[in-house]
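Bear in mind that the values here come from a model prediction, so they are computed numbers and not experimental data.
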Amino acid sequence: MSRFVEGAPHSLLTSDRPLISTHGWKDPRAALLFPLSPTKLFVATNGREQTARLLQRNSPNALVRYVNDQIARCAVDFVIGTNDSQLPFVERRLRNFGEEPIPGPIGKGQPNCPS
């Protein structure tokens, strides 16, 4: 999916919770987004038409910004980038010390998950 993030001014971030899930699994609008590298994004949906709509209606810049926003907001302990150019962006979205993490599909913050 690298062609969908080509031309974006920033690279993709990753974190200790890099999986982004939209809607419910059975919802026809459901999508999974997973940054594989600074320039490659894995996208899975319930169908080709849904994937095409998701990617065509978003510019590369908007898609990278959405992914990076979600990655930083859902991180529990760390966010990783290629350099520190996105540090202010990440710092505005990271949770504060002692603040509970946003619940995610897996990991810390979920019931019965060791911290």
Problem - Ile20 and Ile71, any side-chain heavy atoms less than 4.5 Å apart - result: yes
Completion exercise
The side-chain contact (heavy atoms from CB on, under 4.5 Å) partners of Thr82 (sequence neighbours excluded) come to Ser11, Pro38
Problem - Under the salt bridge (charged side-chain N to carboxylate O under 4.0 Å, His left out) test, residues paired with Arg65 that sit two or more places apart - result: none
Practice task
Answer yes if Leu36 and Leu19 sit in the same cluster of Ile, Leu, Val, Met, Phe, Trp and Tyr residues linked by side chain heavy atoms under 4.5 Å apart, and no otherwise.
Solution key: yes
Problem - Non-hydrogen side-chain atoms of Leu94 and Phe78 separated by less than 4.5 Å - result: no
Handout entry: Distance-only side-chain donor-acceptor flag, Ser59 / Asn61, under 3.5 Å
Key = no
Practice task
Without swapping roles, check the side chain of Asp77 against the backbone of Asp16 for a donor-acceptor pair under 3.5 Å.
Solution key: no
Problem - Validation row: Thr39, Leu12 side chains within 4.5 angstrom (heavy atoms) - result: no
Fill in the blank from the handout: Value for CZ (Arg93) from CD (Gln86), rounded to nearest 0.5 Å, stands at 9.5 Å
Practice task
Kindly work out whether a path of hydrophobic side-chain contacts (I/L/V/M/F/W/Y, heavy atoms less than 4.5 Å apart) joins Tyr66 to Val43.
Solution key: yes
Problem - Euclidean distance, Arg73 CZ relative to Arg92 CZ, rounded to 0.5 Å - result: 10.0 Å
Exercise for the section: With the side chain counted from C-beta on, respond yes when Phe89 and Asn68 share a heavy-atom pair under 4.5 Å apart, and no when they do not. Expected result: yes
Practice task
Report yes if the side chains of Leu63 and Leu41 come closer than 4.5 Å at any heavy-atom pair, otherwise no.
Solution key: yes
Completion exercise
So CD of Gln70 and CG of Leu13: to nearest 0.5 Å the spacing works out to 12.0 Å
Handout entry: Side-chain donor or acceptor of Ser21 paired with backbone N/O of Leu32 under 3.5 Å
Key = no
